[in-house]
Protein chains: 2
Amino acid sequence: MPSDHTDQIDIPIEAATCQPRLDGAAGQRLSDEDAARLATRFKALGHPVRVQIVDILARSDREVCVCDIEQYFSLSQPTISHHLKVLREAGYVQAEQRGLWVYYTLAPGGGAELRALLRSLPA
Amino acid sequence: MPSDHTDQIDIPIEAATCQPRLDGAAGQRLSDEDAARLATRFKALGHPVRVQIVDILARSDREVCVCDIEQYFSLSQPTISHHLKVLREAGYVQAEQRGLWVYYTLAPGGGAELRALLRSLPA
DNA sequence: GGGTTATATCGAAAAACGTCAATATAGTTT
DNA sequence: AAACTATATTGACGTTTTTCGATATAACCC
């Protein structure tokens, strides 16, 4: 009779080990430092209030006063100040004091990239 | 007599109020829902281990077994499993079980975007 | 069936985060 | 100088996140 008992039958599903990798188990990858820097930047955008703040700045064609930013939220002044600090330290925004007021803008360079990031989900 | 005592002298630096906004104090902006969704996605990338995992998947041209992912880190198995879950729930990665092993890939669609995100900082 | 293996889930402890009230700082006005 | 204003910082408290050991689940092999 023709072969209908092809000997594939007792081949274990994946040769008893998960598909071996080509490169030696720890090939080229992101450095720990780069991963940490990236994570810091992403984490800074990982809060709705900070996303909103960045969006406000991205939509504005001029600098925006902290006192105006505060109007958008029903949060205490220290809380807004804290979120602005996180965004500043992550390099997303820049502050300039003039008189009693402090004006924020998106940090130069990252502007286009940031607008793209914001568009990356709602699309 | 000609004006040489122009009355600009006692104009306060910024007219006693910070530069007024053009739109009515709460113009068009990101909805709370969109801000929350964006923040959730960014937060999922807000940890170095998860950035590394995404990078590993982004560099690989094939699916990667959990057992291989674990090799990259000196963290417990439950911890890696937890980070994979966060990435899964954020929609960045996909899992497929085959035999005893589970293989992860970047979620379809977002692949190019994700690679761009990863490139967004080290550049 | 019983034994083994890979991954996921649970529960707890430590660390990080978000928020506010209180206070400090720095500028402005009188 | 004193009073006032906008923003930042400090300190405390509740919540969430990260991590692990222990256990559960599910698939394989004998």
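So you know, we letter chains A, B, ... as the sequences are listed, proteins then strands, and number each from 1. None of these values were measured; they are calculated from a predicted model.
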**OP:** Identify, between A:V66 and B:V86, the residue whose nearest nucleotide on DNA chain D lies closer to the 5' end.
**Re:**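 The 5'-side residue here is A:V66.
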Interatomic distance where [atom1] belongs to [X] and [atom2] belongs to [N] [whole Å]:
X: B:Y103; N: C:dT7; atom1: OH; atom2: P; value: 8 Å
X: A:H83; N: C:dC17; atom1: NE2; atom2: C1'; value: 9 Å
X: B:L84; N: D:dT18; atom1: CG; atom2: P; value: 13 Å
X: B:I80; N: D:dT17; atom1: CD1; atom2: C1'; value: 15 Å
X: A:H82; N: D:dG11; atom1: NE2; atom2: P; value: 16 Å
X: A:H47; N: D:dT15; atom1: NE2; atom2: P; value: 15 Å
X: A:F42; N: C:dA16; atom1: CZ; atom2: P; value: 22 Å
X: A:E96; N: C:dA26; atom1: CD; atom2: C1'; value: 16 Å

Give the nucleotide from the list [options] with an atom nearest to the side chain of [X].
X: B:Y104; options: C:dA22, C:dA8, C:dT19; value: C:dA8
X: A:S81; options: C:dA8, D:dT18, D:dA8; value: D:dA8
X: B:L75; options: D:dA8, D:dT19, C:dC10; value: D:dT19
X: A:S76; options: C:dC20, D:dT17, C:dT7; value: C:dC20
X: A:L100; options: D:dT5, D:dA26, D:dC20; value: D:dT5
X: B:R88; options: D:dT19, C:dA8, D:dA6; value: C:dA8

Original post:
So, B:R88 and B:Y104: side-chain donor and acceptor under 3.5 Å apart, yes or no?
Top reply: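 Yes, B:Y104 and B:R88 have a side-chain donor paired with an acceptor closer than 3.5 Å.
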Subject >> All salt bridge (charged side-chain N to carboxylate O under 4.0 Å, His left out) counterparts of B:E33, not counting sequence neighbours >> reply: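 None.
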Original post:
Is the distance from OP1 or OP2 of C:dG27 to the nearest side-chain N or O of A:R98 less than 4.0 Å?
Top reply: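 Checking A:R98 against C:dG27: no side-chain N or O falls below 4.0 Å of OP1 or OP2.
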**OP:** Would you indicate, yes or no, if D:dT18 has its OP1 or OP2 atom less than 4.0 angstrom from a side-chain nitrogen or oxygen of B:T79?
**Re:**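 B:T79 to D:dT18 OP1/OP2: no side-chain N or O under 4.0 Å.
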**OP:** Record whether the side chain of B:Q77 comes under 3.5 Å of the base of C:dA6 through a donor-acceptor pair of N or O atoms.
**Re:**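 Not at all, since no donor on one side and acceptor on the other fall under 3.5 Å apart.
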**OP:** May I ask you to verify whether the side chain of B:Q97 and the base of D:dA27 hold a donor-acceptor pair under 3.5 Å?
**Re:**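 Result: no qualifying N/O pair found.
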Subject >> Face-on cation placement of A:R29 at B:Y72 ring, 6.0 Å and 45° thresholds >> reply: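 Judged by the rule, A:R29 and B:Y72 form no cation-pi pair.
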Original post:
Which residue, A:K43 or B:P78, contacts DNA chain C at a nucleotide closer to its 5' end, judged by nearest heavy atom?
Top reply: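 Comparing both residues, the 5'-ward one is B:P78.
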Original post:
So, A:R98 and A:E63, do they make that salt bridge, N to O below 4.0 Å?
Top reply: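 Salt bridge present between A:R98 and A:E63.
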Subject >> Minimum-distance pair of heavy atoms, taken over all atoms of B:L30 and A:D55 >> reply: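 That would be N-OD2, 3.1 Å.
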